[in-house]
Amino acid sequence: MTATLPRPYLTSDKGTFGEFTANTRWAIILQNAVEDTEYSMKHDKQDIDAGKDILINLKAFKKEVEDNDKLRPFTQDEMKIANVPLSFNEFLENEGSKETWFNSSWLFAEIYLYRRVNVAFAMNAKKHGSKFWAEFDIFNRLKQETFQLSQYGVTELAIRYVNLNKHLQTDIDVETKQILFKEFLEISLWGNATDLSLLTNATLDDIKSVQGAKAREESESRILINHTKNAFDLLEKTAPNNRIDIVLDNSGFELYADFMLALFLIQSKLANKIIFHAKDIPYMVSDVMMKDFYLLLDDLVDRKFFDVKTDSVEDQALRKVNHDITEYVKNGIFEFKTDPFWTVDLDYTHIDPKETKYNGAKIHEDFLNSNLVIFKGDLNYRKLVGDRTWDKTTSFKTALGDLGHNGIKLVSLRTCKADVQVGLPKGKDEELTTFWEKDHPGKGNWWVSSGKWAIISYNDGTKN
Ligand code: F6P
Ligand code: MG
């Protein structure tokens, strides 16, 4: 099988979203990082000195990208001080030794970019003894600001949750459970439409238009592959004794939507344990780190953050959500974990007993105890299918490689924001390309990265 694997998407693939990302979006993301560092400058001497050096490094790094330099290996010091896994250098010193920013594997270069940013902070924090920069999340301001702009969707969902909660206290029949499961899975799915790396200039109306209930209803026909029933049937069989894992994607509204799904799964007795998996470094702009869970819980009850009247229906609903999540955390029903595996460059075919260097085998062993692993978002999907140039009708199982048949039951909830896609019926790609071409001349193939379509793809982990 290895011999026939298609190659990954490259940043030099003409007319792709990956090419556009490398040429246009990365410089903007790095410029924002420079500006946020300037904005966050502290007054203590060691913090100012470290901040100045971080800025020098970030600006030089941005120039490296713009000048299409080679992707350099990390130094021994960087690896030690910033805990950089060896996998990056293994790639760059071997098959990736000729890679430059605009001619490299898109997936690798993007993951490497966020690692380089992290290294700039870690090295200078250490050099100047600055605790402030050592703990700093360069994307925190953006994450928090966008979450605050999500007030409309957040309160709407909180009220929906409170109303439903009363009914869930009594036993509901399987049919109702299935309908609600579908609704909450879709809430979590479309929560992924609020991705900060794409929504940097979004207005309140833009955000409203992707977050409300009406928007979700209208979006149902845009779910190109929908394996909701497979996931439901699987859970229903062994309910309530199900452990569900959620490999998270973005903070703020998406994380809130994931909490909604998790609360529903517990209260509907479809599961009795949910484990959330977060990132260990600031990553892909909006991704969830452990500290983002606690920030979200605080935000829900902070009336300077969500400006609703004290004791109003909205206020009470937000408090109830905060209360229920807090209780589940206390009782161990919700658990949060992080692992360096989620931010290494390896794709998820390495979630397999064979991968013993970077925790792939450890994650695999852990997931064998899970009844269903939910992978959220676009980047997780790219990693699941190796971001390879698959024919879009390739089966999901084939594209998953070893992970397709090594015992892990999984579902991917993804709004499509990159070039890769598998599992489509014959002719669908062509149909959508023609459709998108009408309003986007010359860019018909970008339907797949527009964020307008989505998939819910399930795999049962067996050989067949
Ligand atoms: O495709 C655009 C992009 O920003 C990629 O850089 C990255 O794969 C992805 O979107 C991030 O989206 P998500 O937060 O859904 O993983
Ligand atoms: Mg993300």
Side-chain angles (χ1 to χ4, degrees), residues 85 177 181 184-185 188 227-249 255 258-280 287-290 293 325 327-344 346-377 380-381 383-385 396-397 400-414 456-464:
K177 218 182 252 190
F181 177 72
F184 278 89
L185 208 63
S188 169
H227 295 160
T228 302
K229 188 167 180 327
N230 304 60
F232 181 78
D233 289 349
L234 174 86
L235 295 177
E236 175 57 18
K237 254 189 265 161
T238 40
N241 299 317
N242 291 317
R243 161 183 151 181
I244 297 180
D245 286 68
I246 306 184
V247 181
L248 293 165
D249 184 3
L255 175 60
D258 297 337
F259 274 136
M260 285 291 150
L261 171 63
L263 288 168
F264 164 75
L265 288 167
I266 298 296
Q267 292 182 8
S268 64
K269 303 188 182 63
L270 275 170
N272 55 14
K273 170 107 190 166
I274 314 280
I275 304 183
F276 299 89
H277 299 267
K279 306 296 189 306
D280 61 345
D287 282 26
V288 182
M289 298 168 67
M290 290 288 247
F293 293 121
I325 297 173
E327 281 302 300
Y328 286 157
V329 175
K330 262 196 229 148
N331 303 337
I333 293 173
F334 283 1
E335 198 184 315
F336 305 137
K337 278 190 183 175
T338 184
D339 192 287
F341 180 79
W342 301 118
T343 56
V344 292
L346 303 182
D347 65 38
Y348 294 163
T349 194
H350 295 93
I351 301 180
D352 188 77
K354 285 200 288 295
E355 200 298 295
T356 51
K357 275 165 83 179
Y358 303 107
N359 289 1
K362 180 181 144 211
I363 301 269
H364 178 262
E365 198 185 346
D366 185 31
F367 281 177
L368 283 177
N369 297 319
S370 180
N371 296 81
L372 182 67
V373 184
I374 302 177
F375 285 90
K376 290 294 320 283
N380 276 327
Y381 183 81
K383 282 192 146 188
L384 283 168
V385 298
F396 188 41
K397 189 182 280 294
L400 287 169
D402 288 336
L403 182 59
H405 53 80
N406 63 17
I408 309 299
K409 294 180 173 51
L410 64 91
V411 66
S412 163
L413 308 185
R414 175 224 190 186
I456 299 177
S457 285
Y458 171 78
N459 187 63
D460 62 6
T462 65
K463 288 257 181 249
N464 308 305

| task | Please report the closest heavy-atom contact between Val344 and Phe341, naming both atoms and the distance. | result | CG2-O, 3.1 Å
| Step-by-step side-chain contact (heavy atoms from CB on, under 4.5 Å) determination, Thr343 to Asp287 | CA-CA 11 Å; Thr343 56; Asp287 282 26; over 6 Å; no
| query | Quick one: does Thr338's side chain have a donor or acceptor within less than 3.5 Å of a partner on Ala278's backbone? | reply | yes
| message | With heavy-atom distances below 4.5 Å as the criterion, would you say the side chains of Lys397 and Thr462 are in contact? | response | yes
| remark: Shortest non-hydrogen pair, Pro340 vs Asn359, comes out as CD-ND2, 4.1 Å
| field | 4.5 Å side-chain heavy-atom contact, Tyr328 and Gln267 | value | yes
| query | Are any non-hydrogen side-chain atoms of Tyr381 and Phe396 less than 4.5 angstrom apart? | reply | yes
| Asn371 CG to Lys237 NZ distance, which is reported to the nearest 0.5 Å | 10.5 Å
| Any residue meeting salt bridge (charged side-chain N to carboxylate O under 4.0 Å, His left out) with Glu365, in chain and number order, not counting sequence neighbours | none
| field | Nearest-0.5 Å distance that lies between atom OG in Ser370 and atom CZ in Arg243 | value | 5.0 Å
| Side-chain donor/acceptor of Lys376 to backbone N/O of Leu255, under 3.5 Å | no
| message | If the condition is salt bridge (charged side-chain N to carboxylate O under 4.0 Å, His left out), which residues does Lys409 pass it with, not counting sequence neighbours? | response | none
| query | In Å, rounded to the nearest 0.5 Å, how long is the span from CG of Leu403 to CG of Asn459? | reply | 7.5 Å
| task | Compute the centroid of each ring, for Phe276 and then for Phe336, and state whether the two points are separated by less than 6.0 Å. | result | yes
| said: Has Glu355 got a side-chain atom pairing as donor or acceptor with Gly360's backbone, closer than 3.5 angstrom? | reply: yes
| field | Sub-4.5 Å side-chain heavy-atom contact between Ile408 and Leu368 | value | yes
| field | Check against side chain to side chain donor-acceptor pair (under 3.5 Å), Asp245 and His277 | value | CA-CA 7 Å; Asp245 286 68; His277 299 267; 2.7 Å; yes
| Leu410 CG to Leu384 CG distance, which is reported to the nearest 0.5 Å | 6.0 Å
| field | Chi angles and distances behind the side chain to side chain donor-acceptor pair (under 3.5 Å) call for Thr349, Asp347 | value | CA-CA 6 Å; Thr349 194; Asp347 65 38; 4.8 Å; no
| Taking the inter-plane angle between the rings of Phe181 and Phe264 on a 0 to 90° scale, is it parallel (under 30°), tilted (30 to 60°) or perpendicular (over 60°)? | tilted
| query | So do the side chains of Asn272 and Asn241 get within less than 4.5 Å of each other, counting heavy atoms only? | reply | yes
| field | Contact summary for Lys269 and Ala239, nearest pair of heavy atoms | value | O-CB, 3.4 Å
| field | Ser412 vs Asn380 side-chain heavy atoms within contact, under 4.5 Å | value | no
| Asp258 backbone acceptor or donor facing Ser188 side chain under 3.5 Å | no
| Is there a donor-acceptor pair closer than 3.5 Å between any side-chain N or O of Lys279 and the backbone N or O of Leu248? | yes
| request: Could you check if a side-chain atom of Leu265 sits within less than 4.5 angstrom of a side-chain atom of Phe184, using non-hydrogen atoms only? | output: no
| field | Shortest non-hydrogen contact from Gly377 toward Asp249 | value | CA-OD2, 3.3 Å
| said: Main chain of Asp339, side chain of Asp280: is a donor-acceptor contact present, judged purely on distance under 3.5 Å? | reply: no
| said: Please report the interatomic distance CG(Asp352) to CG(Leu346), rounded to the nearest 0.5 Å. | reply: 12.0 Å
| remark: What one should report as the nearest heavy-atom pair of Pro353 and Ala361 is O-CB, 3.6 Å
| task | Report the relative orientation of the aromatic rings in Phe334 and Phe259; use parallel for angles under 30°, tilted for 30 to 60°, perpendicular for over 60°. | result | parallel
| said: Just to verify, what does Lys229 make a salt bridge (charged side-chain N to carboxylate O under 4.0 Å, His left out) with, not counting sequence neighbours? | reply: Asp233
| task | Indicate yes or no for a side-chain donor-acceptor contact from Asn331 to the backbone of Ile333 under 3.5 Å, with no hydrogens or angles considered. | result | no
| query | Do any N or O atoms from the side chain of Asn242 and from the backbone of Leu235 form a donor-acceptor pair under 3.5 angstrom? | reply | yes
| request: Can you measure from CG (Leu372) to CD1 (Ile274) and round to the nearest 0.5 angstrom? | output: 9.5 Å
| query | Looking at side-chain heavy atoms only, is the closest gap between Phe293 and Val288 below 4.5 Å? | reply | yes
